[in-house]
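Please read all numbers here as calculations on a predicted model, not as lab measurements. Quick note on labels: first sequence line is chain A, next is B, and so on, each numbered from 1.
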2 protein chains.
Amino acid sequence: MKSGMPAPDGIQPARRATIREVADAAGVSRSTASRALTGRGYVAPPVRDRVREIARGLGYVPDATARHLRQQASQSIGVLVSDLSNPFYAGLAAGISQQARKRQYTMMLADDGGSPEVEVEAAEAFVALRVAGVIVTPVSAEVSTYLARQQIPVVEVDRQFSVGVCDAVVVDNENAARRVIHQLLDLGHRRIALVIDEMHWTTGRDRLAGYRGAFAAAGVPLDDSLVVTAGWDVDAARIEAHKLLSRAEPPTAIFAANNVLAEAVWRAAAELNMPIPERLSLVSFDDVSWMSLVRPGVTAVAQDPVALGEAAISQLFERIQSPHAPVRTVLLSATVAARGSTAPPPA
Amino acid sequence: MKSGMPAPDGIQPARRATIREVADAAGVSRSTASRALTGRGYVAPPVRDRVREIARGLGYVPDATARHLRQQASQSIGVLVSDLSNPFYAGLAAGISQQARKRQYTMMLADDGGSPEVEVEAAEAFVALRVAGVIVTPVSAEVSTYLARQQIPVVEVDRQFSVGVCDAVVVDNENAARRVIHQLLDLGHRRIALVIDEMHWTTGRDRLAGYRGAFAAAGVPLDDSLVVTAGWDVDAARIEAHKLLSRAEPPTAIFAANNVLAEAVWRAAAELNMPIPERLSLVSFDDVSWMSLVRPGVTAVAQDPVALGEAAISQLFERIQSPHAPVRTVLLSATVAARGSTAPPPA
DNA sequence: CTGAAAGCGCTTACAG
DNA sequence: CTGAAAGCGCTTACAG
């Protein structure tokens with residue numbers, strides 16, 4: 001390469017164009033340039049067109065942070081989920097992203113890995129950025145309380161920690177769980193285990209309530225040893241499921257309270273060569289794609305995370321528009337995708 | 001409710017605290033308050049502690065947008081992916097989110113749904129927000145060109161459109177594809193189909209090259225009718241696969257160029273009652289969780305999207321630190337997860 | 001050791 | 001119909 005050649009970078013302007021440069025180039029004031037560019041306030045049409053033309057030529061992109069600082073209102077929302085690698089949360093984020101874009105909002109996303117501390121930290125970052133609102137799948141009551149105190153509209157989705165304090169969009173966990181257990185009881189199952197992550201959050205509590213409710217409605221006594229808490233890790237849960245299925249009197253059916261637990265049970269059954277549904281019936285809460293790829297397919301409560309995300313963002317925008325409207329909890333119902341993983345218990 | 005009671009909202013301060021209020025409450029200037037809070041510049045220790053105490057008491061959260069405006073540097077990055085519902089992209093985003101948090105950066109995320117127009121729009125929004133850099137799984141050459149022109153550091157990940165123009169992190173598609181096809185040839189397969197989304201992007205082009213290369217190396221002639229372009233939609237691809245498998249002389253093995261196509265082939269084979277691997281061997285590029293849940297498991301090239309995301313963000317930060325360092329392409333190798341979906345061709 | 005002043009890039013009443 | 005001025009909430013040389 002010849003020396004003395006201009007560096008390739010030399011071709012580009014050193015800095016990004018500001019409204020001042022656009023105004024100067026157009027021979028108008030910054031006020032006029034601003035009016036021309038935003039379309040707010042009057043400016044003579046020919047002037048408007050010239051300013052816009054010049055802005056385009058300079059590759060001018062208005063600084064959104066400066067605009068938001070001035071207007072004291074931001075065009076972005078914060079989203080806080082527990083685990084993007086879980087298709088449920090990924091679908092939720094996808095639905096929110098989609099709708100945010102349609103409304104010209106950008107989305108700040110954080111994956112808190114299920115940690116309450118990380119969740120609050122991420123919420124603080126959102127507050128610092130002055131987001132217009134936050135959607136969260138909470139892992140403790142703190143996030144929503146904190147955000148509410150900071151005057152930031154917040155919608156809890158999937159789980160609800162701050163009932164009555166902030167808006168929420170959740171599915172009708174209890175009913176869906178009841179329906180699915182009812183079907184197992186109808187098939188003749190009596191030893192139906194519930195493999196669940198935990199039982200204090202609304203998701204766990206309500207799915208457990210549905211499970212219990214179905215037994216009560218059928219007048220079937222319930223064996224508490226069949227409710228096993230298996231946490232959030234697939235491998236740990238798989239070991240729990242393995243133990244459960246190795247008992248002297250194993251369950252004839254298992255209700256897995258989420259897709260991770262269903263995967264754990266599925267793997268455990270395979271390890272033990274326990275054919276589904278001949279020796280074991282399996283039902284899952286949360287329908288993800290592998291459940292229709294395996295043989296037999298897994299009967300599952302289908303939640304439609306994308307729709308859940310869309311409902312959450314709709315609620316958030318309503319809240320931003322009407323800060324003083326009464327707090328609302330939106331309850332979405334779920335359907336049951338019946339597949340081949342259930343059958344009458346072995347004789 | 002009694003009238004005359006203060007509205008619940010009345011309890012909270014009308015506005016968020018600013019540094020001015022912190023300074024006033026502490027009886028110091030805004031300059032001093034700023035120095036105390038940021039830790040930059042000197043301030044007497046007792047004063048510092050008092051200011052911080054008061055800030056905490058007021059629930060003061062500094063306005064990051066104002067800070068960034070002043071410092072002309074932002075602490076967030078933009079991430080642009082094609083489809084969050086696809087576990088590959090979700091894993092990528094998860095890896096990036098993780099690392100961003102560790103470095104105290106926030107992540108703006110947009111799902112462009114594979115549309116070049118949406119992708120450029122989203123990039124414009126990132127420019128407006130003055131992100132420190134962007135990571136993108138590009139669907140056209142425009143995004144990176146545009147961002148480069150706007151002086152925003154950009155890293156292309158998974159696919160590479162702007163070779164030599166911006167940094168990239170990709171996997172060694174050609175080698176991985178060659179290895180996997182080589183294994184099929186070794187098993188005795190000759191009619192090996194390639195089901196691919198498209199063949200112009202680096203991913204498609206290189207996987208095709210690996211496929212071709214393996215045939216050439218083995219001296220086996222290649223039947224071009226066995227390369228079928230199936231797009232991005234599972235259902236459309238399933239129909240293509242169905243047609244392929246229904247030919248008079250169907251392939252004895254299929255190499256699906258990504259996880260969506262593998263799912264399509266899997267479903268088509270099930271519809272046709274074509275046992276895998278007895279009648280059809282299947283190999284996938286991209287290993288996602290269902291592939292180890294089905295029986296037989298699907299042999300797949302494993303890319304580790306989380307690691308890919310982490311590599312991309314590392315590269316991005318290096319670029320932010322050294323804007324004039326030579327452009328770099330990082331090539332990650334991939335492993336093959338051998339499972340039960342391959343066998344010698346039927347006699 | 002601290003404070004007054006300037007300025008980041010915008011928008012918006014207001015004056016003319 | 002347009003421009004000068006003020007100000008959003010910060011930070012940072014600089015003066016004292």
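- Of the two residues near DNA chain C, A/Ser31 and B/Val43, the one whose nearest nucleotide lies more 5' is B/Val43.
- Put simply, OH on B/Tyr42 is 21 Å from P on D/dA15, counting in whole angstrom units.
- Checking D/dG3, C/dC10, C/dT2 against every side-chain atom of A/Tyr60, the shortest atom distance belongs to C/dC10.
- Side-chain N/O atoms of B/Thr106 and B/Gln75 include no donor and acceptor closer than 3.5 Å.
- Judged by distance alone with a 3.5 Å cut-off, a donor-acceptor contact links the side chain of A/Arg35 to the base of D/dG3.
- Between A/Gln71 atom CD and C/dC10 atom C1' the separation is 9 Å, expressed in whole Å.
- The CZ atom of A/Arg30 sits 10 Å away from the C1' atom of D/dG3 (whole-angstrom rounding).
- Distance A/Ile19 CD1 to C/dT12 P: 11 Å, rounded to the nearest Å.
- Counted by atom type alone, A/Arg67 and A/Ser74 present zero donor-acceptor pairs between their side chains at under 3.5 Å.
- Of the listed nucleotides (D/dC10, D/dT2, C/dG3), D/dT2 has the atom at the smallest distance from the side chain of A/Thr32.
- Using a 4.0 Å heavy-atom distance criterion, B/Ser34 is classed as a base contact.
- Mapping B/Pro45 and B/Ala66 onto DNA chain C by nearest heavy atom places B/Pro45 at the nucleotide closer to the 5' end.
- In summary, the side chains of B/Ser140 and B/Glu119 do not present any donor paired with an acceptor at a separation below 3.5 Å, with no hydrogens or angles considered.
- Between the CG atom of A/Asp24 and the P atom of D/dG3 there is a distance of 11 Å, rounded to whole Å.
- Contact annotation for A/Thr65: no contact, since no heavy-atom pair falls under 4.0 Å across all strands.
- D/dC1 is paired with C/dG16 under the criterion used here, namely a Watson-Crick or G-U wobble arrangement in which both key atom distances are under 3.5 Å.
- As a whole-Å value, the separation of A/Leu129 CG from D/dG9 P is 16 Å.
- For B/Ser29, the listed nucleotide lying nearest its side chain is C/dG3; candidates were D/dG9, C/dG3, D/dT12.
- For A/Gln72 and C/dG9, the CD to C1' distance is 14 Å, given to the nearest whole Å.
- Nearest nucleotide to the side chain of B/Ala44, out of D/dT2, D/dC10, C/dT2: C/dT2.
- Looking at A/Thr32 and A/Ser29, their side chains do bring a donor and an acceptor atom within 3.5 Å of each other.
- A/Glu156 and A/Ser144 share a donor-acceptor pair across their side chains, judged by distance under 3.5 Å alone.
- B/Arg20 has no side-chain polar atom (N or O) that falls below the 4.0 Å cut-off from OP1 or OP2 of D/dG9.
- In the interface, the side chain of B/Arg16 is not paired with the base of D/dG9 through any donor and acceptor atom under 3.5 Å apart.
- Taking atom NE2 on B/His68 and atom C1' on D/dC10, their separation rounds to 11 Å, with Å as the unit.
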